[in-house]
Amino acid sequence: MKNRNKGLFFVLIIFALILTSCTTFKATDLAVLKNDTVSMKMLGHFEREIMVPEFLGAPGGANLLNISADAMDQVIQDVVWSEISAKGGNGAINVNIEYNAKIIDMLAAYFTIDIFSPAHLIVSGDVILYE
């Protein structure tokens with residue numbers, strides 16, 4: 001019985017670690033439009049996740065060599081505009097940007113002694129066609 005309780009406790013700890021993540025930045029309900037819109041048609045929802053390589057720091061946090069730090073705005077714009085183009089729209093609303101570290105990122109940082117500290121960027125929103 002005692003070994004069974006230890007096994008159950010171990011399984012619960014592993015399950016909790018798998019579900020662990022750390023969000024360090026989140027922006028919600030942003031809009032990407034060419035002009036002010038009067039009427040619009042919803043064309044679809046998108047969600048895209050990108051791995052962000054970082055070095056010498058905490059995953060999803062401060063890093064000494066964040067090779068993408070000054071390029072993140074362009075990455076986000078490229079993701080949103082590629083989704084707009086793919087769906088045949090000319091704008092996006094309800095754009096959400098989330099920057100976080102997942103358990104796999106934390107494990108990569110742990111096993112490399114924080115030399116490689118990746119994170120994930122998640123961009124989602126709704127593509128529209130406005131007139």
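None of these values were measured; they are calculated from a predicted model.
- Residues Leu121 and Val75 approach most closely at CD2-CG1, 4.1 Å, considering heavy atoms.
- Here the closest non-hydrogen pair linking Phe46 and Val80 is CZ-CG2, 4.3 Å.
- Under the 4.5 Å side-chain heavy-atom criterion for Ile, Leu, Val, Met, Phe, Trp and Tyr, Phe111 and Ile103 are members of the same hydrophobic cluster.
- The hydrophobic cluster containing Ile122 does not contain Val127, counting ILVMFWY residues as joined when their side-chain heavy atoms lie under 4.5 angstrom apart, directly or transitively.
- Taking CZ of Phe116 as the reference point, atom CG of Asp105 lies at 8.0 Å (rounded to 0.5 Å).
- Lys41 NZ to Ile128 CD1: the interatomic distance, rounded to the nearest 0.5 Å, is 12.5 Å.
- For the pair Pro118 and Met51, the tightest heavy-atom approach, listed with the atom from each and the gap, is CB-SD, 3.6 Å.
- Hydrophobic clustering (side-chain heavy atoms under 4.5 Å, transitive across Ile, Leu, Val, Met, Phe, Trp, Tyr) keeps Val52 apart from Ile104.
- The two residues Met42 and Ile93 have their closest heavy-atom pair at CE-CD1, 4.2 Å.
- Interatomic distance, Leu129 CG to Leu43 CG, rounded to the nearest 0.5 Å: 5.5 Å.
- Every residue meeting the side-chain hydrogen bond (donor to acceptor under 3.5 Å, both in side chains) condition with Glu49, not counting sequence neighbours, appears here in chain and number order: Lys102.
- Although no hydrogens or angles enter the test, the distance criterion places a donor-acceptor pair under 3.5 Å between the side chain of His45 and the main chain of Gly125.
- Considering only residues two or more places apart in sequence or on other chains, Thr112 meets the side-chain hydrogen bond (donor to acceptor under 3.5 Å, both in side chains) condition with none of them.
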